[in-house]
Enquirer: 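The structure's right below; bear with me while I get my questions together.
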Amino acid sequence: MSEPGKDVQTGVQTGVGTGGERGWSLSARAEGEGVRLELGLPDLGGRPVTAILSLDRTEARAFARALLAAAGDATERTFVGPHET
């Protein structure tokens with residue numbers, strides 16, 4: 001966990017491209033009473049794009065919950081359990 005007010009950055013290697021280019025970047029930092037999220041996509045329709053979200057605490061918590069739910073749903077659909085007999 002990072003210290004309050006410090007940037008937290010994460011990314012993922014896409015495995016596509018040369019030299020293990022980062023497929024996307026995500027940074028978050030405290031901004032006033034909320035958080036500023038920046039999502040960078042290196043190639044969207046042939047151009048780089050950065051989405052910036054400035055959220056208050058309530059919005060940030062709701063956004064985090066939605067991301068966790070989406071990740072959980074995707075995981076459940078990807079890793080299917082054993083078939084019932």
Enquirer: In Å and rounded to the nearest 0.5 Å, what is the OG to CG distance from Ser27 to Leu39?
Expert: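 Between Ser27 OG and Leu39 CG, I get 9.0 Å after rounding to 0.5 Å.
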Enquirer: Checking Glu76 side chain against Asp73 main chain: does a donor-acceptor pair fall under 3.5 Å?
Expert: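 No: the side chain of Glu76 does not pair with the backbone of Asp73.
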Enquirer: List in chain and number order the residues that pass side-chain contact (heavy atoms from CB on, under 4.5 Å) with Arg36, two or more places apart in sequence or in another chain; answer none if no residue qualifies.
Expert: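 Scan of Arg36 (side-chain contact (heavy atoms from CB on, under 4.5 Å), adjacent residues dropped) gives Arg29, Glu31, Glu38, Ile52, Ser54.
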Enquirer: Hydrophobic side-chain clustering at under 4.5 Å (ILVMFWY, transitive links): who's grouped with Leu37? Put none if nobody.
Expert: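 Leu37 clusters with Val35, Leu53, Leu55, Phe63, Leu67.
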Enquirer: If you look at every heavy atom in Pro42 and Gly23, which pair is closest and at what distance?
Expert: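 Looking at all heavy atoms of both residues, the closest pair is CD-O, 2.9 Å.
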